[in-house]
Amino acid sequence: MITIRNEKPQDYKIVEDMTRKAFYNQYMPGCFEHYLVHIMREHEDFIPELDFVAELDGKIIGNIMYTKARLIDQNKNEKQILTFGPVCVLPEYQRMGYGKMLIEHSFERAKQLGYDTIVIFGSPANYVSRGFVCCKKHNVCLENGKYPAAMLVKELVPGALDGRKWSYHESPVMELSEEEAQKYDDSLEPMPKKWQPSQEEFYIMSHSFIE
């Protein structure tokens with residue numbers, strides 16, 4: 001039986017280990033996502049009410065975490081929004097619909113909390129089926145005016161962004177120290193670092209922009 005519930009302190013190490021297994025070597029040799037999970041919970045932008053784990057027959061197999069982010073329009077009006085990540089499922093349970101269940105569950109709770117917009121960075125292939133669209137379709141760009149191909153937007157409430165031009169500003173917690181992240185990873189049980197094709201796919205997507 002699958003259960004989705006809020007993460008508890010006793011889950012922290014399990015979730016960090018799971019995140020490490022899910023992301024290791026996906027986007028680089030090794031990964032830093034588990035370190036982000038480790039430091040995110042103590043940050044003021046972290047939203048505990050939107051921190052969920054998925055349990056299958058009592059075993060934690062997935063997790064999603066949210067932080068606050070901001071959109072600022074051309075008149076300097078600010079709008080508080082959400083971003084999520086890391087979101088992960090243990091490798092042996094991926095492509096079975098559990099990630100979708102976590103995401104959809106979190107959407108409903110986010111709306112109950114009064115949020116109307118989510119902006120994420122991810123592969124469109126993974127998220128357009130969940131209602132995300134290209135950031136340019138909602139006129140959401142970076143501070144430099146560019147529209148990253150990997151920046152995706154979902155209106156939880158249709159019309160929430162009302163056509164204005166917005167610039168996206170993520171939480172400072174996302175600007176982690178790679179040196180500290182590497183130290184943290186080195187303190188854990190060694191896992192083999194290696195190259196795989198998904199790393200080149202990530203490089204292409206993360207360096208692509210919409211004209």
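If you're wondering where the values come from, they're calculated on a predicted model, not measured in any experiment.
Between the side chain of Gln26 and the backbone N or O of Cys31 there is no donor-acceptor pair closer than 3.5 Å. Looking only at distances, a side-chain donor or acceptor of Gln94 sits under 3.5 Å from a matching main-chain atom of Val89. The closest donor-acceptor contact from the side chain of Asp51 to the backbone of Met65 lies at 3.5 Å or more, if one exists at all. For the pair Asn6 (side chain) and Glu49 (backbone), a donor-acceptor distance under 3.5 Å is present.
When every heavy atom of Pro86 is checked against every heavy atom of Met40, the shortest pair comes out as CD-CE, 3.9 Å. Leu176 and Ala181 get closest at one heavy-atom pair: CD1-CB, 4.2 Å. The minimum heavy-atom distance linking Thr117 with Ala160 is given by the pair OG1-CB, 3.8 Å. Closest heavy-atom contact between Ala149 and Pro124: O-CG, 3.8 Å.
Residues Lys193 and Asn25 are in side-chain contact: their nearest non-hydrogen atoms beyond the backbone lie under 4.5 Å apart. Side-chain contact check for His34 versus Phe23: every heavy-atom pair is 4.5 Å or farther apart. For the pair Trp166 and Arg164, the minimum side-chain heavy-atom distance is below 4.5 Å. The shortest distance between side-chain heavy atoms of Ile81 and Val119 falls below 4.5 Å. Looking at heavy atoms from C-beta onward, Ser177 lies out of side-chain contact with Lys183 at the 4.5 angstrom threshold. By the 4.5 Å heavy-atom criterion applied to side chains, Ile39 and His43 are not counted as neighbours. At a threshold of 4.5 Å between non-hydrogen side-chain atoms, the residues Ile2 and Ile61 count as touching. Side-chain contact between Val15 and Val53 is present, with at least one heavy-atom pair separated by less than 4.5 Å.
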Start with the C-alpha gap between Phe107 and Lys154, add the side-chain angles, then the distance that decides, and say whether side chain to side chain contact (heavy atoms under 4.5 Å, CB included) holds.
-> CA-CA 10 Å; Phe107 287 170; Lys154 178 180 176 67; 3.4 Å; yes
Would you check, one step at a time, whether the test side chain to side chain contact (heavy atoms under 4.5 Å, CB included) holds for Met1 with Asp57?
-> CA-CA 5 Å; Met1 183 178 72; Asp57 298 328; 4.2 Å; yes
Run the numbers on Arg109 and Phe52 for side chain to side chain contact (heavy atoms under 4.5 Å, CB included), then give the verdict.
-> CA-CA 10 Å; Arg109 183 66 180 124; Phe52 295 106; 3.8 Å; yes
Tell me, with the steps shown, if Tyr66 and Ser106 meet side chain to side chain donor-acceptor pair (under 3.5 Å).
-> CA-CA 9 Å; Tyr66 279 77; Ser106 70; 2.6 Å; yes
After noting the C-alpha distance and the side-chain angles of Lys111 and Tyr115, does the key distance pass the side chain to side chain contact (heavy atoms under 4.5 Å, CB included) rule?
-> CA-CA 5 Å; Lys111 285 192 288 186; Tyr115 293 98; over 6 Å; no
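Between Asp185 and Arg20 there is a salt bridge, with a side-chain nitrogen of the basic residue lying less than 4.0 Å from a carboxylate oxygen of the acidic one. A salt bridge is absent between Lys21 and Asp17: the closest approach of a Lys/Arg side-chain nitrogen to an acidic carboxylate oxygen does not fall below 4.0 angstrom. Salt bridge status for Lys79 with Asp73: absent, with no side-chain N to carboxylate O gap under 4.0 Å. Salt bridge annotation for Arg41-Glu16: present, with a cationic side-chain nitrogen under 4.0 angstrom from a carboxylate oxygen.
Taken to the nearest 0.5 Å, the OH atom of Tyr147 stands 4.5 Å off from the SG atom of Cys141. In this structure, Asn144 CG and Phe209 CZ are separated by 7.0 Å, a value rounded to the nearest 0.5 Å. Distance check, rounded to the nearest 0.5 Å: CD of Gln80 to NZ of Lys68 gives 5.0 Å. A distance of 12.0 Å separates CD in Glu200 from CE in Met205, rounded to the nearest 0.5 Å. To the nearest 0.5 Å, atoms NZ (Lys100) and NE2 (His105) are separated by 15.5 Å. Separation of atoms CZ (Phe132) and CD (Glu155) is listed at 11.5 Å; rounding is to 0.5 Å.
Under the 4.5 Å side-chain contact rule for hydrophobic residues, Leu82 and Leu152 share a cluster. Note: the hydrophobic cluster containing Ile210 does not contain Val140 (ILVMFWY, side chain heavy atoms under 4.5 Å, direct or indirect links). Following chains of ILVMFWY side-chain contacts shorter than 4.5 Å, one cannot reach Leu161 starting from Ile120, and the two form parts of different hydrophobic clusters. Cluster membership check: Ile103 shares its hydrophobic cluster with Met101, using side-chain heavy-atom separations under 4.5 Å among Ile, Leu, Val, Met, Phe, Trp and Tyr. Under the 4.5 Å side-chain heavy-atom criterion for ILVMFWY residues, no single connected hydrophobic cluster contains both Leu71 and Ile47.
Within the structure, salt bridge (Lys or Arg N to Asp or Glu O under 4.0 Å) contacts touching residues 127-145 (residues at least two apart or in different chains) are Glu104-Arg130.
By the 30° and 60° cut-offs, the orientation of the rings of Phe121 relative to Tyr168 is tilted. The aromatic rings of Tyr93 and Tyr98 sit perpendicular to each other, their planes meeting at more than 60°, with 30° as the lower class boundary.
Around the CD atom of Gln112, the shell of radius 6.0 Å holds more than 12 heavy atoms that belong to other residues, nucleotides or ligands. Around CD of Glu42, the count of heavy atoms belonging to other residues, nucleotides or ligands within 6.0 Å does not exceed 12.
Between the side chains of Thr67 and Asp45, no donor-acceptor pair of N or O atoms lies under 3.5 Å.
Among the candidates Phe46, Tyr184, Tyr12, Phe32, the single residue satisfying the ring pair (Phe, Tyr, Trp, His ring centres under 6.0 Å) test with His38 is Tyr184.
Shown here are the ring-ring contact (aromatic ring centres under 6.0 Å, His included) partners of Tyr203, two or more places apart in sequence or in another chain: His207. Applying the salt bridge (charged side-chain N to carboxylate O under 4.0 Å, His left out) criterion to Arg5, with sequence neighbours excluded, gives Asp11, Glu55.
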